[in-house]
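Just below is one structure, and these are the notes that go with it.
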Number of protein chains: 2
Amino acid sequence: MLTPLRKGSDYHHGDLRDAVIQVARDLVANEGVSSLGIRRVALRVNVTPAALYRHFESLEQLRGEVSGRVRNEMAEMMILAREKVGPATLSKTRSRARFSAIGDAYVAYARKFPRLFEIAFLTCDALPETEESLAWRTLEESLEELINSGLLERRKSLKAATLAWSSIHGLASLVASQTISNKEYPLFRKSVLDGVQDAVFAR
Amino acid sequence: MLTPLRKGSDYHHGDLRDAVIQVARDLVANEGVSSLGIRRVALRVNVTPAALYRHFESLEQLRGEVSGRVRNEMAEMMILAREKVGPATLSKTRSRARFSAIGDAYVAYARKFPRLFEIAFLTCDALPETEESLAWRTLEESLEELINSGLLERRKSLKAATLAWSSIHGLASLVASQTISNKEYPLFRKSVLDGVQDAVFAR
DNA sequence: CAATAATGTAAACAATGTTAACACCTCTTC
DNA sequence: GAAGAGGTGTTAACATTGTTTACATTATTG
């Protein structure tokens, strides 16, 4: 099904909903979550405010939709970064590098788009379907690689995953909220990465 | 200076600003950050909306003020929990318990008041004075105790602090945003605490 | 081709943040 | 103590917001 997008006339947009979410995402990225509004988005999509209510029940739900899209975006960045170091093999250094890559991508995203990271983990009264997080699955895959290459014992795997996620997420969150500055960041980064590696790779 | 609160008449409130912040805090705690509003707060304080503008420049600034108050509240909880295990001594087990206590209090707060934890680390365009965080100072004090009781090398101290804060904050943040459920929490908690201790107390 | 569903518009509503002009209280100062 | 000055509250208005209702247009399906 190729994108019809705009047929004959202009009355029907053709792909609102997706356009709305995209514009809303950009709005949040640039001006923060509190400036996300039905009318502002409607203006930028060249559509009447009421039109949005054909696709979203409320502003709250739109917020949830944006949140979900951002979480997916983050996971895609992680996967991309992981692929960039090379395909999965049984090599210890390879799987270790791929593991680091997804953690780095996680906090890199928070540094690059702090407002988006913010909305991604905002408590939304109305979030989309609660599919299991793609990011979490990606982390599990990487841990599986570590196990297969003999770097991680399977019985430690779950513990490693939860610690890794918590500390990486904490670092990302502190950076995004500007609780730690750019100057302090390198130290935090090193501490967290070392700590995770110490805990994951028993020495 | 004892609380004058209400003098002769009712025209002047006597201690608005503080009352406003308190009511705003409770509003956020119960109904979430997005339902914090000038008019809603004004109603509950029995005051005209415009009155708030004698004490706050904007809603945004009030949000920042609430955020600051919550951060202080968290730090006070941490200090309280630490005192509860007993006063500081040179005992290894004592200082270790006091150290754990502040971390536990941190995430306990996030579990008990997720909405407040949320606003505490929201990027606020207008935050109060950027005094060094009380929570951070509390963490540093505990690490000093660990050093003094011979549990932690001084040169590792800063690294320990950053790792501890990141992972504890990450755990708290994931809990508050309901990214991890109450059922998953115990596992996460154990992983993070063990990970921190492994990294802080070289074995 | 006609009927029906989907998707847009237009106009109104209540509620919001914010401001300006005014009222009341408290406090200093002669 | 009276007078005035500054702080603190009220009232009324404004623009903007989320949301709903009634209607218009297009797309789809029998």
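Computed from heavy atoms alone, side chains included, the values below leave out hydrogens, waters and symmetry copies. Numbered from 1 within each chain, the chains take letters A, B, ... in sequence-line order.
Computed from coordinates, the A:N46 CG to C:dT7 C1' distance equals 16 Å when rounded to whole Å. The separation between A:F56 atom CZ and C:dT7 atom P is 12 Å, rounded to whole Å. The CD atom of A:E31 sits 15 Å away from the C1' atom of D:dT17 (whole-angstrom rounding). Following rounding to the nearest Å, B:R44 (CZ) and C:dT16 (P) show an atom-to-atom distance of 11 Å.
With sequence neighbours left out, B:E153 forms a side chain to side chain contact (heavy atoms under 4.5 Å, CB included) with B:R155, B:K156. Not a single ring-ring contact (aromatic ring centres under 6.0 Å, His included) links B:F56 to another residue, sequence neighbours left out. Applying the ring-ring contact (aromatic ring centres under 6.0 Å, His included) rule to B:F99 yields no partners; only residues at least two apart in sequence or on another chain are considered.
Of the listed nucleotides (D:dT10, D:dC23, C:dG17), D:dT10 has the atom at the smallest distance from the side chain of B:A51. Of all nucleotides listed (D:dT19, C:dT18, C:dG8), D:dT19 comes nearest to the side chain of A:I38. The side chain of A:S58 lies closest to D:dT19 when the candidates are D:dT19, D:dT11, C:dT16. When the nucleotides C:dT18, D:dT20, D:dT11 are ranked by their closest atom to the side chain of B:T48, D:dT11 comes out on top. The side chain of A:R54 sits closest to C:dG8 out of C:dG8, C:dG17, C:dA10. Here the nucleotide nearest the side chain of B:H55, chosen from D:dT8, C:dT18, D:dT21, is D:dT8. Checking C:dT18, D:dG18, C:dT16 against the side-chain heavy atoms of A:R39 singles out D:dG18 as nearest. Taking only side-chain atoms of B:Y53, from C-beta outward, the nucleotide of D:dT8, C:dT18, D:dG18 with the closest atom is C:dT18.
The aromatic rings of B:H169 and B:W165 lie perpendicular to each other, with more than 60° between the two planes, well past the 30° mark.
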Please tabulate, for side-chain N and O atoms in residues 76-90 of chain A, each donor-acceptor pair with protein atoms closer than 3.5 Å (sequence neighbours left out).
from	atom 1	to	atom 2	distance (Å)
A:R82	NH1	A:E141	OE1	3.0
A:R82	NH2	A:E141	OE1	3.1
A:T89	OG1	A:S91	N	3.0

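Residue pairs meeting the salt bridge (Lys or Arg N to Asp or Glu O under 4.0 Å) criterion with at least one member in residues 158-175 of chain B, sequence neighbours excluded: A:D194-B:K159.
Annotation: of the two residues near DNA chain C, A:L52 and B:L59, the 5′-most nearest-nucleotide partner is A:L52.
In this structure, the ring of B:F113 has its center less than 6.0 angstrom from the ring center of B:Y109.
Each end of the helix from C:dC1-D:dG30 to C:dC24-D:dG7 gets its own rotation axis from five pairs of C1' atoms, and the angle between them is 10° to the nearest 10 degrees.
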